[in-house]
Amino acid sequence: MQFERGAYAWQRQADLRARLEELLTPRGPEAPAPPPAAPGIIGDAFLRYYALRAKCRGTLTALSDGQELGPEISVDKVMLGIAEQTVADAARSLLWPPFVTDDGDDAALSRRRWSYSRITTIYGGSAEVQRDLIAERLLGLPRGR
């Protein structure tokens with residue numbers, strides 16, 4: 001899993017960056033005005049993206065150096081799920097209401113991306129399992145009952 005998660009998180013962060021760039025691209029005159037909270041929404045999404053990028057870059061460097069990674073790879077998995085959902089939620093907020101009401105291809109793609117982001121904390125080991133691994137094996141906390 002260490003190679004799969006490390007490489008996958010790196011690939012996904014590149015896709016998240018492209019999505020964030022799309023959100024910053026000005027839309028046509030018929031596009032809804034961004035909400036007043038738009039700077040905070042996009043700022044939070046970029047923060048999650050850069051945190052993921054920094055973490056998985058270190059993971060890929062360690063893997064390319066031949067290091068064997070253990071439970072620390074769970075941190076990448078948790079951060080990936082958080083970043084995926086934050087970016088998808090930002091798109092939903094910034095593209096509202098066409099996000100829900102539009103039948104066009106762009107809106108449909110945005111909805112599919114949002115739906116996909118919901119499963120990112122489940123596939124490959126749920127976020128709860130990953131947090132247990134982090135707590136027990138990295139932080140040395142006692143096993144929960």
Side-chain angles (χ1 to χ4, degrees), residues 1-27 31-100 102 104-145:
M1 292 299 275
Q2 64 181 346
F3 296 102
E4 180 183 331
R5 288 196 180 136
Y8 185 72
W10 184 256
Q11 183 271 328
R12 292 300 307 146
Q13 67 80 31
D15 186 56
L16 293 176
R17 174 60 187 231
R19 286 192 210 169
L20 287 168
E21 293 295 332
E22 287 173 11
L23 291 175
L24 292 175
T25 302
R27 307 251 183 249
I41 291 168
I42 202 76
D44 188 44
F46 266 100
L47 177 67
R48 304 297 181 169
Y49 157 76
Y50 279 116
L52 172 65
R53 181 177 170 84
K55 175 64 177 94
C56 61
R57 181 173 187 236
T59 298
L60 281 183
T61 300
L63 289 171
S64 69
D65 289 344
Q67 296 178 28
E68 297 250 348
L69 301 179
E72 62 267 23
I73 201 72
S74 292
V75 176
D76 295 54
K77 172 71 172 84
V78 170
M79 291 179 72
L80 175 59
I82 291 169
E84 289 267 11
Q85 289 182 355
T86 303
V87 171
D89 288 344
R92 184 185 64 189
S93 295
L94 297 173
L95 302 175
W96 192 270
F99 178 89
V100 173
D102 193 352
D105 291 342
D106 289 342
L109 177 59
S110 292
R111 287 190 296 271
R112 279 194 307 276
R113 287 175 172 170
W114 184 87
S115 296
Y116 175 79
S117 77
R118 303 299 102 177
I119 66 165
T120 59
T121 56
I122 299 169
Y123 68 75
S126 73
E128 289 78 14
V129 170
Q130 300 305 315
R131 286 185 178 103
D132 283 347
L133 289 170
I134 293 166
E136 293 171 12
R137 297 184 184 166
L138 290 179
L139 301 176
L141 298 175
R143 184 177 208 128
R145 294 181 186 202

Enquirer: List the steps, then state whether side chain to side chain contact (heavy atoms under 4.5 Å, CB included) holds for Q13 with C56.
Expert: CA-CA 9 Å; Q13 67 80 31; C56 61; 3.9 Å; yes

Enquirer: Search all heavy atoms of L63 against all heavy atoms of Q67 and return the closest pair with its distance.
Expert: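 Between these two residues, the closest heavy atoms are CD2-O, 4.0 Å.
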
Enquirer: Of the non-hydrogen atoms in A38 and P34, which two are nearest, and what is the gap between them?
Expert: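 Minimum heavy-atom separation between A38 and P34: CB-CB, 3.9 Å.
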
Enquirer: Between M79 and I82, does a side chain to side chain contact (heavy atoms under 4.5 Å, CB included) hold up when you go through it step by step?
Expert: CA-CA 5 Å; M79 291 179 72; I82 291 169; 5.6 Å; no

Enquirer: What's the verdict on side-chain hydrogen bond (donor to acceptor under 3.5 Å, both in side chains) for S74 and Q130, showing C-alpha distance, side-chain angles and the deciding distance?
Expert: CA-CA 5 Å; S74 292; Q130 300 305 315; 2.6 Å; yes

Enquirer: About how many Å separate CG of L52 and CG of L47, when rounded to the nearest 0.5 Å?
Expert: 11.5 Å

Enquirer: In Å, rounded to the nearest 0.5 Å, how long is the span from OG1 of T61 to CH2 of W10?
Expert: 8.0 Å

Enquirer: Below 4.5 Å, heavy atoms only, C-beta onward: do V87 and R48 meet side chain to side chain?
Expert: no

Enquirer: Report the C-alpha separation of R118 and D89 in whole Å, then their side-chain angles, then the decisive distance to 0.1 Å, and conclude whether the salt bridge (Lys or Arg N to Asp or Glu O under 4.0 Å) test is met.
Expert: CA-CA 10 Å; R118 303 299 102 177; D89 288 344; 2.8 Å; yes

Enquirer: Using 0.5 Å steps for rounding, measure from the OH atom of Y116 to the CD atom of E84.
Expert: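 Y116 atom OH to E84 atom CD measures 5.5 Å (nearest 0.5 Å).
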
Enquirer: Quick check: are there more than 12 heavy atoms from other residues, nucleotides or ligands sitting under 6.0 Å from CG of D106?
Expert: no

Enquirer: So, for R111 and V100, which heavy atoms are closest and what is the spacing to 0.1 Å?
Expert: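 Taking R111 first and V100 second, the nearest heavy atoms are NH1-O, 3.8 Å.
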
Enquirer: Applying salt bridge (Lys or Arg N to Asp or Glu O under 4.0 Å), run through E22 and R17 and close with a yes or a no.
Expert: CA-CA 9 Å; E22 287 173 11; R17 174 60 187 231; over 6 Å; no

Enquirer: A quick test of your reading: do over 12 heavy atoms of other residues, nucleotides or ligands sit less than 6.0 Å from CG of D105?
Expert: no

Enquirer: State the CG-CZ distance between L138 and R131, to the nearest 0.5 angstrom.
Expert: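 One finds 13.5 Å between CG of L138 and CZ of R131.
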
Enquirer: Run the numbers on T120 and L80 for side chain to side chain contact (heavy atoms under 4.5 Å, CB included), then give the verdict.
Expert: CA-CA 8 Å; T120 59; L80 175 59; 5.6 Å; no

Enquirer: Which heavy atom of L23 sits nearest to which heavy atom of A91, and what is that distance?
Expert: CD2-CA, 3.7 Å

Enquirer: Is a side-chain N or O of K77 found less than 3.5 angstrom from the main chain of Y123, in a donor-acceptor match?
Expert: yes

Enquirer: Can you tell me how far apart CG (L16) and OG1 (T86) are? Round to the nearest 0.5 Å.
Expert: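 Reported value, rounded in 0.5 Å steps: 9.5 Å.
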
Enquirer: Identify the heavy atoms of L94 and P35 that sit nearest to each other, and give their distance.
Expert: CD2-CD, 3.9 Å

Enquirer: Supply the atom-to-atom distance S93 OG to I41 CD1, rounded to the nearest 0.5 angstrom.
Expert: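 S93 atom OG to I41 atom CD1 measures 4.5 Å (nearest 0.5 Å).
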
Enquirer: One pair to check against side chain to side chain contact (heavy atoms under 4.5 Å, CB included): F46 and L24. What are the steps and the verdict?
Expert: CA-CA 11 Å; F46 266 100; L24 292 175; 3.7 Å; yes

Enquirer: Check for me whether K55 meets the cation-pi criterion with Y50, that is, NZ or CZ under 6.0 Å from the six-membered ring centre and within 45 degrees of the ring axis.
Expert: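 Judged by the rule (NZ or CZ under 6.0 Å from the ring centre, within 45° of its axis), K55 is not positioned above Y50.
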
